Amino acid sequence: MAGRLDGTVALVTGASSGIGEATAVALAAEGARLVLVARRRDRLEALASRIGGDAVVIEADVTDAAQAQAAVAQAVEVAGRLDIVINNAGVMLLGPAEEAPYEEWERMVAVNVTGVLATTYAALPHLLSAAETAERRVADVVTISSTAGRIARAGSGVYNLTKFGVGAFSEALRQEVTKRHVRVGLVEPGATVSELRDHLRAPIRDAQAERFRTMEPLEATDIAEAVVYMVTRDRRQAVNEMLIRPTEQE
Ligand code: NDP
């Protein structure tokens, strides 16, 4: 059966688990050739075998701008083009400012902001070219932000900063390139089952686990479906933003 993304190449950062992994699977099911980027090569290799076909595995740490940019260059070299970029890699290291290890703040800025900037910067010329020359005549950048990119809360200040930040960057970039049919969108998930909370310090992780017990959270596949919806619209239609919360999340 023909997929809606047949002939396209899609790069997903943070494809080794959670939302990125589910999104890669969903895009592949629509016919896209996948470029899987993250640090855990073994996970990416396993995913590539699951997806089948000609998925490309690239081990890279997106906090290093040179590595993120090299990943994009390698993707284009191997796959010949780039139509879709999903800026998904992220970390959420919550906790009050007063007791936070400063290294956690630096890590959030490095992954959630530098990673998005470096990947997008390197991808942009290829996306503009795809939108101009490819049969689909449209290209997509989707960044996985968060409800935390819309509402700031105590204990989440730096995570909020990074997600508000990528929201601002996306909107400005959208205005710059939308007339050339590069769509720049944001998906803002609420609480979703993934490995995101495994990196929290113990008391904060426990509080988050308790929060998860009081509601039915989203599945990573719910977010993957939203991404697929965005990137499979006709070229006349740009879905700029999707905020998706568990129904029970206040
Ligand atoms: P996971 O922890 O399951 O996935 C995070 C992914 O990011 C992993 O694949 C990880 O791969 C990758 N990653 C982390 N650091 C780096 C790095 N330095 N370089 C390259 N890749 C990196 O969490 P989620 O799937 O939940 O997170 C995906 C996105 O969704 C994040 O941006 C997060 O902020 C956002 N989000 C998640 C929500 C949730 O409740 N789960 C809610 C709102 C937003 P590896 O370790 O192999 O490098």
Side-chain angles (χ1 to χ4, degrees), residues 11-26 34-48 57-72 85-94 103-104 106-120 142-153 156 158-167 169-170 186-200 204-205 208-209 211-212 215-224 226-227 241-246 248-249:
L11 181 149
V12 180
T13 68
S16 57
S17 68
I19 292 169
E21 180 180 352
T23 300
V25 170
L34 262 295
V35 180
L36 310 170
V37 179
R39 294 166 305 173
R40 287 173 293 176
R41 175 176 281 278
D42 54 334
R43 294 279 203 106
L44 298 181
E45 304 271 8
L47 176 60
V57 165
I58 301 179
E59 181 183 331
D61 181 339
V62 298
T63 65
D64 177 350
Q67 283 190 44
Q69 292 174 10
V72 171
V85 170
I86 313 299
N87 283 315
N88 163 78
V91 286
M92 179 187 74
L93 306 169
L94 303 177
E103 182 275 333
E104 290 193 347
E106 290 179 314
R107 218 168 111 213
M108 281 191 281
V109 172
V111 183
N112 303 0
V113 179
T114 302
V116 170
L117 297 184
T119 308
T120 307
V142 178
T143 297
I144 309 301
S145 175
S146 170
T147 49
R150 302 261 299 228
I151 300 159
R153 288 196 198 282
S156 179
V158 179
Y159 187 62
N160 290 134
L161 176 149
T162 65
K163 295 300 190 181
F164 272 73
V166 294
F169 172 66
S170 294
L186 278 184
V187 172
E188 298 156 323
T192 306
V193 177
S194 76
E195 296 175 16
L196 194 68
R197 289 163 185 82
D198 296 356
H199 311 290
L200 293 168
I204 300 154
R205 193 170 59 231
Q208 284 285 313
R211 188 165 169 251
F212 264 61
M215 70 167 112
E216 184 182 1
L218 299 173
E219 297 294 334
T221 48
D222 298 333
I223 305 307
V227 174
E241 199 171 349
M242 289 177 84
L243 171 63
I244 307 149
R245 294 188 181 101
E248 294 168 355
Q249 182 174 330

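Remember, it's a predicted structure, so these values are computed and weren't measured experimentally. The chain is numbered in sequence order, starting from 1. As the structure lists them, so they are numbered: ligands from 1, and atoms in each ligand from 1.
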So the atoms of ligand 1 within less than 4.0 Å of a heavy atom of E195 turn out to be 1 (P), 2 (O), 3 (O)

Nearest non-hydrogen protein atom to atom 37 (C) of ligand 1, with distance, is L196 CD2, 3.5 Å

Just distances here: any N/O of V62 and N/O of ligand 1 closer than 3.5 Å? yes

message: So for ligand 1, is I19 a polar contact partner (N or O within less than 3.5 Å, distance only)?
response: yes

Atom 32 (O) of ligand 1 has as its nearest protein heavy atom N88 O, 2.8 Å

Atom 33 (C) of ligand 1: closest protein heavy atom, distance to 0.1 Å, is Y159 OH, 3.6 Å

Note: S145, heavy atoms under 4.0 Å from ligand 1, region reported as backbone

Nearest non-hydrogen contact to atom 24 (P) of ligand 1 from the set S194, A68, G14, P217 belongs to S194

Numbered in order shown, the ligand 1 atoms found under 4.0 Å of a heavy atom of T63 are 18 (N)

min-distance protein heavy atom vs atom 1 (P) of ligand 1 -> S17 OG, 3.4 Å

Contact region, K163 to ligand 1, non-hydrogen atoms below 4.0 Å, reads side chain

#### Entry: Geometric N/O contact S16 with ligand 1, under 3.5 angstrom
yes

The side-chain contact (heavy atoms from CB on, under 4.5 Å) partner of I19 among V193, V227, T221, N88 is N88

Counting C-beta onward and ignoring hydrogens, is there a side-chain heavy-atom pair between V166 and N87 closer than 4.5 Å?
no

For atom 14 (C) of ligand 1, the closest protein heavy atom turns out to be R39 NH2, 3.7 Å

Main chain of A89, side chain of T13: is a donor-acceptor contact present, judged purely on distance under 3.5 Å?
yes

Within the 4.0 Å heavy-atom cut-off, what A148 brings close to ligand 1 is neither

Counting heavy atoms under 4.0 Å, the part of R197 that contacts ligand 1 is side chain

| Heavy atoms, side chains only, cut-off 4.5 Å: are R41 and V57 in contact? | yes

Ligand 1 to G90, heavy atom cutoff 4.0 Å, flagged ligand atoms 5 (C), 7 (O), 31 (C), 32 (O)

Numbered in order shown, the ligand 1 atoms found under 4.0 Å of a heavy atom of G18 are 3 (O), 25 (O)

Q | Heteroatom proximity flag, F212 to ligand 1, N/O under 3.5 Å | A | no

N/O of T147 under 3.5 Å from N/O of ligand 1, yes or no? no

D61 heavy atoms within 4.0 Å reach ligand 1 at atoms 17 (C), 18 (N), 19 (N)

Checking heavy atoms under 4.0 Å, the part of I144 that sits near ligand 1 is both

Only residue of E21, E59, E195, E45 satisfying salt bridge (charged side-chain N to carboxylate O under 4.0 Å, His left out) with R40 is E195

When distances are taken from atom 21 (N) of ligand 1, the protein heavy atom at minimum range is A89 CB, 3.7 Å

In this structure, atom 20 (C) of ligand 1 is nearest to the protein heavy atom A60 O, 3.4 Å

Any heavy atom of A191 under 4.0 Å from ligand 1? The part involved is backbone

Going by heavy atoms, is G190 under 4.0 Å from ligand 1?
-> yes

Among non-hydrogen protein atoms, atom 43 (C) of ligand 1 lies closest to P189 O, 3.1 Å

